[in-house]
Amino acid sequence: MKQARRTAADVVIIGGGIVGCSAAYFLAGRGARVVLLEKGVIGGEASGRNGGGVRAQCRDRFERPLAMASVKLWVEMQPDLGFETEYTQGGNIRLAVTEERMASLTREGEEELADGLMVEVWDRETLRRRAPYLADNFLGAKYCPTDGTANPLLATRAIGWAARRRGASLRTRTAAAAIDVRGGQVESVTAVDRDGELVIETPHVIHAAGAWSVPLARTIGVDLPVHPERNLIGVTQRRPRQFTEFLSSHDAGVYARQAREGHIHVGCIGSRPGFFDSQPGPLEIAPLARGVRLLPDLAGARYLRTWGGTLDMTPDRIPIIGPVDGIGGYFLAAGFSGHGFCIGPIVGRLLTEWLLDGAPSLSLDAFQYARFAALAHALP
Amino acid sequence: MNAVEVAVVGAGPGGLAAAVAAAERGAQVTVIDSGRQPGGQYYRVPGDGVPGDGVPVHAPRREAGQRLVARAAAAGVRFLSGATVWGAFPGNLLALSSADGPRALQAQLVILATGAYDRPVAFPGWTLPGVLTAGAAQALLVETGTLPGKRIVLAGSGPLQITLAAELLRTGAQLVGLFEGQSLPAVLPFLRALLNQRARVAEGMAALRTLARHGVVPQTGWGIVAAEGGEEVEQVTVARLDAEWRLIPGSERTLACDTLLVGYGFVPSSTLARLLGAAHAYRPEWGGEVPVRDARCRTTAPGVYAVGDGAGIGGAPLALLEGELAGIDAAAQTGHGQATADAAIAALAPALARERRFMQTYAALFTPGPGLAERARDDTILCRCEDITQAEVRHALELGADSAAEVKSITRAGMGNCQGRICGRLLAELVARERGLPVTEADLWAPRPPIFPVPVSHLDPVWAVAPKEVAQ
């Protein structure tokens, strides 16, 4: 056995997704020595394999302030990234087929306006006028003009590369193997790459490895109530530019956006448990035919390709963010439940503030790991 | 959904031989092929109204193909022509799409005979109209009886160039130049390998006589450098090659032409085998990434065979033998002709061994050297579906990409209609060269269904979704 290599950092980030890369970007921007460990490639999992929506509307009420702040941050960050992420504020349309859905969207819209998020509730005629390309059976919709989309394959990488320019060390194809805790305080992280073991001495760890966080967290006594779900997206051949909005309908079970080159990306609402480490099954791929429920024109289109990603779901569908009692220096940022692409940047900045200033500038109380303490006893 | 005992994908020599062998032994066989009619590339049938004798070299082949198709039909083989297999799922469930609609086929056993396509070679001007692969030119010739152009330059490697050149000449083309990449001394051992290959010698001699009659002398040790032109190719530059197939500076020559045909061998179509989970190995002498197989052509995926060029470039005679072998074994596995299967397979062994030896020699002589992958310049397009240049790919490498898959994510190269069938290998070669890695196509992305563009409504072959249906 070769002797393990050793190095040191102010913060070790485990996971090169959008949360980890954003944290690296903001931490390095404030001069912290950051080492980011990624088992594969930057943005190679859920952060690079999602619907590409960046929205503040239709969020859990605790998540809403984070999402609103993150949208602002998405706008602010773009010029500094130095790489095109295809981020645009093309709007977000949440559709209703049923009266019940329409009523709940209307109620939610009032809450959002009260919280300072500009949204519009559209009746059938307005929807027809504003989005004539949609199927004609929707009763109405809620629309948020500041929401938008980005290219997931590029956005996370762009943030990662910007973090690297600021001095963060991004170690790809390097898996975190152990978090060493002594006397209730993080001391180092052991990683494994092509050349063997690497020990990084550090007082701080940000654990942001999505659904892959679970086994490593367990080794230090943290039982994450996070389970993986498979999410599949289909991409059509290039189509004429038709719309800029991100579209979704829970009634129709489907969402869609048109990417910059004209391809339409379609995903289904309602995913299956499991990691996306295998081919999609026939019953998983067949529902992508639902795309026509939103866009009747798709009946004449062809799917070109599909890709799959693994979501990290929590029981209450909001993430776990913050420290864990009894493990000094260890910060969780996992279980984003499909919301990480939008709120990743703000979470990266809030974690930076927490580590360097002692507290985040927006409350993260609702996301504490401790909220599951009672639940843990109830689980089988 | 239909259930079959044996599904054969591909109706070229390997697929037809497999279907005939399995069906004549009593198995229930369905052959799926994307062509208009069975035959594949090798037995390609002329289109309606095209005189079949327009391409004399091709006539005996076409007749042999028709005999196989007739035998298959007589044995009860069902043909699904014009159908594309866009998805394959564990348990050998195949998802098909054709003009008639979607279809699912549940097979006990699958024999993949998916063939090969021309090896893509990127060089300045390779995307100009008038630059075609040798295979495309041959398909055009047989299918429509027309020539790709009038003044043709042919650059490639292997005796197939000679046969194609002869077909072009007989159809009335002017051959401006015929350039074989391998040098003459290196080619000489091939003559010994031809000693007991009567059919090949006869075909080759006939082709050489045609060349001689037209005064065409193949130039050996020469290769393509670039194609130039405004709207279409107007001239090409060729140069002498060293042993590694790198250009010898100062040896360049320019020829005026209206068509350039490029034929540097073939790449196995192994996407479906990879989709079914068959383990693959990188074997450059067999054309690249090929499924790992046992002596009965079984891949590591349960119930999945691979035969012919799709399992490693071996040519039609080897495909026929492998197809027959797999067909006999598949019939036995589904309960037909078990008593005689082992003897019948053993009887194929000497011929198989002879063909494999021949192909080994062939591959050793005509597999292009590493220099062929270095023709592109920074402004050369590598991904022609998405118009991605070598410079853009290099930029992705500078940003840290260390695999073809990551280059794809960053640049869009490989995301277009061909799904990387053309550029995937070019990317892998470039990544390997720049990063000092071996060209293992493990660095390629994993295929996912659909592997061919499929109509949105065909994604659901079992419960086709009506456009009006909305409620969950």
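Below, read A as the first sequence line, B as the second, and so on, with proteins coming before strands; counting in each chain starts at 1.
- Only the side chain of A/L154 comes within less than 4.5 Å of a heavy atom of chain B; its backbone N, CA, C and O stay farther away.
- Counting heavy atoms from C-beta on, the side chains of B/F89 and A/L283 never come closer than 4.5 Å.
- Residues B/I410 and A/W161 come closest through the heavy atom pair CD1-CZ2, 3.6 Å.
- In plain terms, the two heavy atoms of A/R302 and B/P453 that are nearest each other are NH1-O, 2.9 Å.
- In terms of heavy-atom pairs under 4.5 angstrom with chain B, the leader among A/A301, A/G48, A/A158, A/G308 is A/A301.
- Considering every non-hydrogen atom in both A/P282 and B/L93, the closest pair reads CG-CD2, 3.6 Å.
- Closest non-hydrogen pair, A/F276 versus B/R448, comes out as CE2-NH1, 3.4 Å.
- Side-chain contact between A/R238 and B/E386: present, with at least one pair of heavy atoms (C-beta onward) separated by less than 4.5 Å.
- At least one donor-acceptor pair under 3.5 Å links the side chain of A/T306 to the backbone N or O of B/P449.
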Please tabulate, one pair per line, all N/O donor-acceptor pairs under 3.5 Å involving side-chain atoms of residues 263-271 of chain A, not counting sequence neighbours.
unit_1 : atom_1 : unit_2 : atom_2 : d
A/H263 : ND1    : B/R412 : NH2    : 3.4
A/S271 : OG     : A/E229 : OE1    : 2.6

* To do: Could you walk me through whether B/K408 and A/L153 pass side chain to side chain contact (heavy atoms under 4.5 Å, CB included), step by step?
  => CA-CA 10 Å; B/K408 174 184 174 185; A/L153 288 173; over 6 Å; no
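- Put simply, of A/S249, A/P280, A/G300, the one with the most heavy-atom pairs under 4.5 Å next to chain B is A/P280.
- Contact of B/L275 with chain A is made through backbone and side chain together, with heavy-atom distances under 4.5 Å.
- Only the side chain of A/R157 comes within contact range of chain B, judged by heavy atoms closer than 4.5 Å.
- Shortest non-hydrogen contact noted between A/V292 and B/V456 is CG1-CG1, 4.1 Å.
- Only the side chain of A/R49 comes within less than 4.5 Å of a heavy atom of chain B; its backbone N, CA, C and O stay farther away.
- Once rounded to the nearest 0.5 Å, the distance linking CG of A/L304 with CZ of B/F452 reads 12.0 Å.
- The most heavy-atom pairs under 4.5 Å with chain A, out of B/S97, B/A401, B/P447, B/G87, come from B/P447.
- Rounding to the nearest 0.5 angstrom, the gap separating the OG atom in B/S409 from the CG atom in A/N151 is 9.0 Å.
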